[in-house]
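Per chain, numbering begins at 1; letters A, B, ... match sequence-line order.
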Protein chains: 2
Amino acid sequence: MSLKYAILGFLDLFPLSGYDLTKMFDDSIMFYWPATHSQIYRTLKELHKSELVTREIIEQSENPDKKVYSITEKGKETLKEWVSAPLDLPTLRHGLLVQLAFASRLEDLQIIALLEAFAEKLRERLALYHSDELKEQLSYSRTKRESFLWGLILENGIQTYECELRWAEAAIQDLEKQVWKTED
Amino acid sequence: MSLKYAILGFLDLFPLSGYDLTKMFDDSIMFYWPATHSQIYRTLKELHKSELVTREIIEQSENPDKKVYSITEKGKETLKEWVSAPLDLPTLRHGLLVQLAFASRLEDLQIIALLEAFAEKLRERLALYHSDELKEQLSYSRTKRESFLWGLILENGIQTYECELRWAEAAIQDLEKQVWKTED
DNA sequence: GGACCCATGTAAATAGTTACATGATTGC
DNA sequence: GCAATCATGTAACTATTTACATGGGTCC
């Protein structure tokens with residue numbers, strides 16, 4: 001489970017509240033671990049119990065009180081350990097490919113429509129990756145080396161989605177040409 | 001949730017027991033929806049309750065009795081509906097990228113080791129995709145069109161993993177050259 | 001008055017993994 | 001004797017999503 005460590009990682013940059021973290025998870029386009037606020041609040045509670053973070057309650061006059069969490073030494077060690085141990089390949093659960101596996105009952109046009117919808121969503125996602133919003137996020141890095149690392153992540157996303165898009169476009173073309181009729 | 005539909009899809013090919021299904025999920029390399037037997041048995045029970053499948057108990061003398069499930073008309077309709085409605089883009093949970101996001105505390109060599117381990121696993125996975133085992137699985141298709149569709153799925157897997165591998169190899173090279181020191 | 005931001009959480013449902021449990025047969 | 005294949009399932013736990021719940025402040 002990476003969520004625990006993802007939170008520790010953010011807290012290693014600077015102290016944050018559950019609300020702040022939720023926004024970071026939501027807004028960070030290149031961040032590969034979606035999480036909702038309910039999950040984050042629960043995980044923060046666990047992290048606090050196992051003493052990987054400390055909590056400070058900040059009273060605010062204008063806004064509701066906030067609980068700001070900071071990483072502890074123990075937390076930093078735990079994070080560093082996790083970061084340096086290789087993980088298994090991510091499990092791919094790719095709904096469209098499941099659909100395709102059982103799509104022989106559909107018309108060519110319906111399959112093309114599926115692939116078109118997929119391609120369109122990929123194009124939108126790629127547009128996000130090329131937006132200014134993302135460049136802005138990259139600028140939060142503190143060193144050249146860190147911004148290089150974040151660039152790697154960004155690059156991975158772009159290449160992954162471009163690769164999927166090329167595949168989808170080629171598949172659509174093949175379907176339009178009905179290549180399986182001419183293949184030997 | 002695609003598991004329900006993935007099971008319906010297999011049962012649309014031919015009647016199968018929970019045990020058979022488990023093997024198909026486990027063995028099918030290009031199948032993008034991992035599932036364990038406990039999940040499959042549970043889901044079969046639900047599918048039976050909602051009358052999308054029927055169940056027949058086959059007594060066997062040599063082996064334990066088996067329960068063979070068949071798809072119903074209602075099941076076929078449900079499957080067809082699901083197969084033709086576009087899904088959202090799959091959520092990516094990519095542990096290595098989370099590690100990379102917080103790896104600024106690691107030495108270059110440690111980051112390279114992470115990427116190397118990743119690349120090595122990708123090479124193994126790709127070897128599977130190029131193995132005879134997989135070609136055998138493709139041969140179960142019933143029509144040229146179906147084998148074309150399965151080929152698309154296979155192609156997607158190969159391209160995805162090759163794309164990741166190229167990315168990892170380039171990243172390793174950049175780290176070795178310490179490019180961020182020379183970038184402007 | 002309504003929507004949106006701030007800020008916290010819990011509850012319930014669904015999905016997925018891992019471990020526990022049983023028992024016959026076949027092959028080394 | 002031991003591992004593997006056949007065949008079923010439950011239990012417990014972990015992870016994730018969606019819905020429920022509250023309440024002040026700001027902006028239009």
Side-chain angles (χ1 to χ4, degrees), chain A residues 1-8 10-11 15-27 31-50 53 55-69 82 87-95 98, chain B residues 1-8 10 15-27 31-50 52-53 55-69 82 87-95 98:
Chain A
M1 208 263 283
S2 307
L3 178 60
K4 198 173 138 184
Y5 304 101
I7 290 178
L8 283 178
F10 277 122
L11 295 180
L16 291 161
S17 68
Y19 185 80
D20 298 332
L21 278 164
T22 306
K23 273 199 301 176
M24 305 206 89
F25 275 86
D26 285 352
D27 297 350
F31 200 72
Y32 287 86
W33 210 274
T36 56
H37 78 278
S38 53
Q39 232 183 318
I40 290 167
Y41 283 115
R42 210 161 7 94
T43 308
L44 279 171
K45 210 195 270 178
E46 284 162 33
L47 287 172
H48 189 235
K49 210 194 291 173
S50 42
V53 301
R55 181 209 321 235
E56 196 193 349
I57 293 164
I58 313 260
E59 280 169 49
Q60 296 182 119
S61 48
E62 305 272 295
N63 285 317
D65 295 356
K66 51 156 79 181
K67 294 176 184 170
V68 173
Y69 294 86
W82 179 77
L87 302 169
D88 286 338
L89 288 186
T91 10
L92 301 177
R93 285 181 211 271
H94 198 318
V98 178
Chain B
M1 206 265 283
S2 305
L3 178 61
K4 198 173 139 183
Y5 304 101
I7 290 178
L8 282 178
F10 277 123
L16 291 162
S17 69
Y19 184 79
D20 298 332
L21 279 163
T22 305
K23 273 199 302 176
M24 304 205 91
F25 276 85
D26 285 351
D27 297 349
F31 199 72
Y32 286 87
W33 210 274
T36 56
H37 78 278
S38 53
Q39 233 184 317
I40 289 168
Y41 283 115
R42 221 180 334 120
T43 308
L44 280 172
K45 210 197 267 179
E46 285 161 31
L47 287 172
H48 189 234
K49 210 194 290 176
S50 42
L52 303 175
V53 301
R55 179 209 321 235
E56 197 194 350
I57 293 164
I58 311 260
E59 281 171 49
Q60 296 179 119
S61 47
E62 304 274 296
N63 286 319
D65 295 355
K66 52 156 78 180
K67 293 177 185 169
V68 173
Y69 293 86
W82 178 80
L87 302 169
D88 287 337
L89 288 186
T91 12
L92 301 178
R93 283 181 212 271
H94 200 316
V98 178

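Partners of B/L89 by side-chain contact (heavy atoms from CB on, under 4.5 Å), not counting sequence neighbours, listed by chain and number: A/F118, A/K121, A/L122, A/R125, A/Y161. Contacts of B/S2 classified as side chain to side chain donor-acceptor pair (under 3.5 Å), with partners at least two apart in sequence or in another chain: none. Shown here are the side-chain contact (heavy atoms from CB on, under 4.5 Å) partners of B/F10, two or more places apart in sequence or in another chain: A/F102, B/L13, B/L16, B/L21, B/M24, B/F25, B/F31. For A/P64, there are no side-chain contact (heavy atoms from CB on, under 4.5 Å) partners two or more places apart in sequence or in a different chain.
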Return a single string for nucleotides 18-28 of chain C, one symbol per nucleotide in 5' to 3' order, where B is base contact, S is sugar-phosphate-only contact and - is none, cutoff 4.0 angstrom on heavy atoms.
B----B-SS--
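Nearest heavy atom pair, residue A/K67 against residue A/I57, reads CG-CG1, 3.9 Å.
Taking side-chain N and O atoms only, A/K4 has no distance below 4.0 Å to OP1 or OP2 of D/dT14. Of the side-chain N and O atoms in A/Y19, none sit less than 4.0 angstrom from OP1 or OP2 of C/dT8. Between A/K45 and the phosphate of C/dT10, there is a side-chain N or O to OP1/OP2 separation shorter than 4.0 Å. A sub-4.0 Å separation between OP1 or OP2 of D/dT8 and a side-chain N or O of B/Y41 is present.
Overall, the helix from C/dG1-D/dC28 to C/dC28-D/dG1 carries an axis bend of 30° between its ends, with five pairs at each end and the value rounded to 10°.
Using a 4.5 Å heavy-atom cutoff, the side chains of A/L87 and A/W82 are in contact. By the 4.5 Å heavy-atom criterion applied to side chains, A/D20 and A/Y69 are not counted as neighbours.
Sequence order on DNA chain C of the closest nucleotides to A/R42 and B/A35 puts A/R42 first from the 5' end.
Taking only distance into account, the side chain of A/R93 never meets the base of C/dG16 through a donor-acceptor pair shorter than 3.5 Å.
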